[in-house]
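This report refers to the structure that appears directly beneath it.
Just so we're on the same page: letters track the sequence lines, and every chain starts at 1.
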Amino acid sequence: MAHILLVEDNEMNVDMLSRRLERRGFQVSVARDGAQGVALAQSEKPDLILMDMSLPVMDGWQATRTIKANSTLKHIPIIALTAHALAEDREACFAAGCDDYESKPIRLPELLAKIDQWLGQASTE
Amino acid sequence: MNTPLDTLWVLVCAGLVFLMQGGFLCLETGLTRSKNNINAAMKNLADFCITTVIFWAFGFALMFGASQGGWFGTTLFGAELDQAPSQLIAFFIFQVMFCGTAVTILAGAVAERTRFRAYLITTVLISGLVYPMFGHWAWNGLYGVESSGWLRAIGFVDFAGSSVVHSLGGWASLAVLIIVGARRGRFGADGKPVKIPGANVPLATLGVILLMFGWIGFNGGSTLVLDDGVARIIANTVVAASAGLVATLLIGWSLRRRAEVDLLMNGALGGAVAITANCHAVSLSAAVIIGAVGGLIMLLTDWLLLRLKVDDAISAVPVHLGGGIWGTLAVGIFGAPELLGTGLARGEQIVAQLVGIVVCGVWAFGVTFIALTIINRVFPLRVSAEDEHIGLNVTEHGATTEILDLFMVMDQQSKTGDLALRVPVEPFTEIGQIAQRYNRVMDALQQAIARTDAIIRTAMDGVMTFSRDALDVLTLNPATEALFGYPAVQLVGQPVGRLFNADGQALEQMARANAPSELIGRRADGSTFPLEVSVSETAAGDSIFYTATLRDITFRKRAEEELRRQNTLLDALNQTALTLMNRLDLNDLLQEIVTYAARLMQTPHGYIYLPSEDEQRLEMRVGIGIFAETIGATLVKGSGIGGTVWQHGAPVVVDNYATWEGRLPNAAYQRITATVGVPLIVRDQVAGVLGIARETHDQPFSPEDVTLLTSIAELAALALDNAQLYASAQEEIVQRRQAEEAAEAANRAKSAFLANMSHELRTPLNAIIGYSEMLQEDAEDMGYADVIPDLRKIKAAGDHLLGLINNILDLSKIEAGRTELYYETFDVETMLSDVVTTVQPLIVKNGNQLVTHFVPQLGTMRADLTKVRQTLFNLLSNAAKFTENGTIMLSAAREDSEQTDWLTFSVQDSGIGMTAEQMGKVFIEFTQADASTTRKYGGTGLGLTISRRFCQLMGGDIHVESAPNEGSTFTVRLPANTEAYKTPQGMPQIAESAPFGTPRTAIGTVLVVDDDPTVRDLLARHLTREGFRVETATDGTDGLLKAKALRPDAITLDVLMPGTDGWTVLAALKSDPDLSDIPVVMMTITDNQSMGFALGASDYLTKPIDRRRLTALLKRYRRAAPTTAEGAGRVLILEDMDVLRDMLARTLTQEGWQVATAENGLVGLARMAESVPDLILLDLMMPEMDGFQFVAELRRNPEWRGVPVVVVTAKELTLEDRSTLSGYVERIVQKGAYARDELLREVRDLALGYIQSRRSENDQESTGV
């Protein structure tokens, strides 16, 4: 089953989202800040990363850029998962290297569709 | 005298010689001027008679009486002749004539200037002493006595008196001439002789002829016998005289270039004189020579005398002395000894002759000179200058003639200038006729002069004449008198230098310049004044004088001076104005004003007061000089100069500040003496006071000063107004800017707050919604059905909250003008059905039914799809919310005409409806039709507001029609192409090729070449954010030009552009060595739906075809293509080149495709009609119907529209170019293959990659690797 790295500092959200994803059969690793996220991405090589943007230590944009700059990691799709819901926030996420974007509060069906899409692409290529 | 015939002959000859007296008279009166002619005649007559008496009394005795030792005679005195024989008496008569002749010679020489009395004394001296004594020495013993004069005794021969008569007369004349001097005017100032013309030359000529005639007796009678010699003597005489004339004429004519009168007359006489001594003893031939030489000697002597400035009136000396000496000498030279009878040899004879010549000279000249010098002391020989001028006729004899009367009057007239004089007219005479004419001329002249004179006299300008040499005033008109304050009598004869400052040289220059000069005139009272003088030179006869026109130009000068002063002032004011108007800073300006004013007033002290803000007092804003100490001092109205000026609004001038009652006690002002203050009046209000002060010893202020200061104040007030306006404008600008900044800051804060709020709310909302959903799932799974509605409520509340947040964000963005519209062209009906599908659950919830009514062929529209969708969704959900168990109708229509193309969507419900008042509020934020509805129906009250704003942004609007309980109808009208209706509120579209918000330091430059403004905008926006500088070009040509100019780091190139298409541009780029290495990203963000030129191909392949690429491409399409029953995709190949077509067909067949082929577009369409392929490989360049036409046909058929087309192109590119290209066309990007964001990232990465590779290349180069 696909391995998802959830980078999120809000405990409730971590709890809620990881449980919901696990309930749908994903293997979920959790990083509490961007630096940890990068480290876990490196160590665990997840199939997909859900990245919050407002994070301690290293923010989500920086973490995304770091991951995307790494040739061994850059193929991992990153979906921005953020309460920064304005259009320019979305642009900023893409600019940082995120492959997709989902604003909070999360509409789970849409998120799952995106996860499927990205995982599907990754698997076929 | 032996016979009575001899006696008769002698008497006849005496008569002839007497006639010579007449000859002399004619000669002398003819050669002198008529004013002296009577005198000359009288002298002749008188001297003859006196000589006769003296010669009778003792002269004859002294000369011919018995000699005492050869020196003088002692017998034959007057009475002794009583008993003398007739022969002796005849001899006496003959000799009397000779003596008279000798004396008469003198009369002519000294004519026109010698007193008559003196002349008579001279006559006595010569006839009584000089002549008889020498005559005794030369001739004693010739007749009557046996004795002999001593000269005769030594052999001296003077036959008829060349020496005795002529030389002696000549010598005596010379002596007298030396004593009396030349006539006035005979020699000019330069010493050159000036001819004094004779009055009657024909008369003089007659005289010469008479003389020659008389000479026959003179010489012929000297034999005292009528013998054989007489004829020869007479012949010699006539021949010599003639030879004299001829020789003199020949030589003199050639010398003087004219046959002058004296040459003729004196030449003949000279010849005659010369022959006189020797005519009895020379041949005729010799006589010719002697006469000729005599004439020439006469000429020589004449010249010599003129050189010596001896004025001989009738050339008596040259003729008689010159000719006489020569004639006497010629006796020795030419005389036949046997005829001379002296017994001397020729040499001895010559010596004897020379002795006689010398003795004659010494005696005649010496005695005459000494005697007359002495006599001259007692009885001056010479007449006065005035008498000489008048003429001796009048002065010596009182004799007048009518012509003399004429001359007298004329002389007086010329002397006095009195034009009223008229000459006496003697009727019936020639002179009378002249006099009459003269009087007429004078009448006319007087009249003409009177007219001129009238002009001169009444002239306003002074007119005066003055001499050129002495610069003495000659005449002047009354204006000149008035000008200088002198009466004319005081000025005439005075030097003009007394009147004005000009010397002769200056005046000469002025006369030559012929233009007025400005001089300084001096009046009688010593005062001076500017004088304009014009001088001209006038020549009147011999005299040359200046005429001056004089004009007092005091007033003109004053006016000029005033004008100049005014100009200077104006210049100063202009300068002030210029400087002041350029000063906008108030303090600078004030400083400038004071400085200028003080400078113009020539004082260092000045100040400006301006009213305080409350207008209660004046404050000194600037001060210079002593006022520098009191800057900031304040005044109330009426206090000090400033307060007084402020109070009255008029200038205040104080001559002595110390005694002025309004003075201020300030110690600094103790030094002020005179001061002046003027108001600065701006728009009829005293806006300030400008003041200037002077210190002790300085002049008080004149009215002119005050006027000047007032003028400055006027200018200053204008400048002040200007500066104050500027200052307030500046302040306004600052305030406005501050307000704008504040508003912007507030806006930013609001946006930040909203963004923050949104973020902070979303995070807990995430949990709320997430957990509620989870719980719902759990509840469903675990069968806790009773909690599900509550969980739903929690989620609904969360959703509502989320909706609220979203709406607020939308609205704040709209208000901040930051809403971006993403224009897309979409199919209207598709969009509507999407909306209907989405809204369906809401409709159903209240038991409503949705009816749609779309007109057919709604077509496409270009708008922000999301916002159109959101608007319609809003309206439908509202309708559903306020309607229960009713009908909601969504209708759509299109108004498509030539001018307009609009779409209308309306949502009609059968709900509660609204009142007119409610309708008015319905679009206002946070307002529902009624506050109660909020409670009842919920909702944020923002939906309609946002929807309307969206429509307005897209150039449309929403309208509502409603009545309570009759439902509402909301109508949306939008342009079919909303992009063409951008509103100012919308995101400003990027102008063609305009630079985008360029980052401060660009990491590189990307040139975007695309005809679609949306694409340009999108790329530019994105790349700019990434730190690139973006330049855009709207077509291929523009793109090429910009590529060359900019040398960008990457180029994005639209394939399909009007004019030069992307491929052509690419070919050009790659063939340019400077541009060939720039990475080019071919873009085809073509939209299937867009009209026009879009090719709409799915992909491109470049020739020569890379097999691997072709395979990869096909794989993608195979996967996309629905698998057919045969299990293989169908492909249609359109290619005109057989080889390539076959190759492609073979390859595709190998890959498992079913292949159909066509050699051109028409055939291709036919194949399409037979069977629709899954994929089309299309060559663009084909005969019959090319690729573009083919695609256009393809798009027209809905069944064919969806078939992907891969363009295989070598358009305008040679094989060689293509091979070069293949390495550079890094990507061929196609819309379907990538998401937009990915596309943008692609471009960015390519550009960055290029820059990096270039950098590393440079590094390698620079490090020498």
Side-chain angles (χ1 to χ4, degrees), chain A residues 6 8-24 50 52-55 60 64-65 68-69 74 77-78 80-112 114 117-118 121 124-125, chain B residues 751-752 754-778 781 795 798-799 801-803 805-806 808-810 812-813 816 818-822 864 866 987 1018 1021-1027 1115-1116 1119 1235-1241 1244-1245:
Chain A
L6 173 63
E8 168 67 87
D9 62 329
N10 184 297
E11 203 48 57
M12 279 214 284
N13 283 334
V14 169
D15 173 60
M16 186 268 290
L17 200 52
S18 59
R19 277 165 61 194
R20 296 184 86 180
L21 289 172
E22 279 163 4
R23 190 176 289 180
R24 278 161 182 80
L50 297 175
D52 187 17
M53 287 297 153
S54 299
L55 290 169
T64 304
R65 275 194 286 272
K68 285 295 178 185
K74 71 176 180 189
I78 298 177
L81 213 58
T82 174
H84 295 285
L86 306 179
E88 53 265 39
D89 297 330
R90 186 179 139 90
E91 294 290 327
C93 292
F94 282 120
C98 294
D99 298 282
D100 215 333
Y101 169 92
E102 188 66 25
S103 70
K104 290 177 182 175
I106 288 152
R107 286 153 297 172
L108 195 65
E110 285 173 35
L111 176 62
L112 291 174
K114 280 179 179 163
Q117 182 200 333
W118 287 106
Q121 262 187 20
T124 52
E125 275 173 19
Chain B
S751 296
L754 285 170
N756 234 348
M757 183 206 74
S758 157
H759 182 261
E760 293 309 315
L761 291 178
R762 278 169 199 279
T763 307
L765 259 184
N766 194 36
I768 293 167
I769 293 169
Y771 277 115
S772 64
E773 280 176 355
M774 259 177 71
L775 283 174
Q776 224 172 299
E777 289 161 18
D778 289 347
D781 291 351
K795 184 178 182 290
D799 284 341
L801 199 52
L802 181 61
I805 292 164
N806 285 338
I808 287 170
L809 285 179
D810 275 346
S812 77
K813 257 208 274 186
R818 281 164 40 205
T819 309
E820 293 179 22
L821 294 176
Y822 295 100
D864 187 321
T866 316
M987 218 288 299
L1018 178 72
R1021 203 162 273 281
H1022 177 81
L1023 292 168
T1024 302
R1025 198 172 298 149
E1026 289 293 328
K1115 251 186 204 150
R1116 201 165 347 136
R1119 203 173 61 214
R1236 193 188 72 203
D1237 296 317
E1238 289 165 325
L1239 161 69
L1240 294 171
R1241 209 174 311 147
R1244 178 199 64 189
D1245 290 344

Pairwise distance CG(A:Leu17) to OH(B:Tyr771) - rounded to 0.5 angstrom: 10.0 Å
Given heavy-atom pairs under 4.5 angstrom as the criterion, report whether the side chain, backbone, both or neither of B:Leu765 touches chain A. both
Side chain, backbone, both or neither: which part of A:Asp15 has an atom under 4.5 Å from a heavy atom of chain B? both
Can you find a heavy atom in the side chain of A:Thr82 that is under 4.5 Å from one in the side chain of A:Tyr101? yes
Check whether A:Arg23 gets within reach of chain B through its side chain, its backbone, both or neither, counting any heavy atom under 4.5 Å. side chain
To the nearest 0.5 Å, tell me how far A:Ile78 CD1 sits from A:Asp100 CG. 11.5 Å
Under 4.0 Å between a Lys/Arg side-chain N and an Asp/Glu carboxylate O for A:Glu8 and A:Lys104? yes
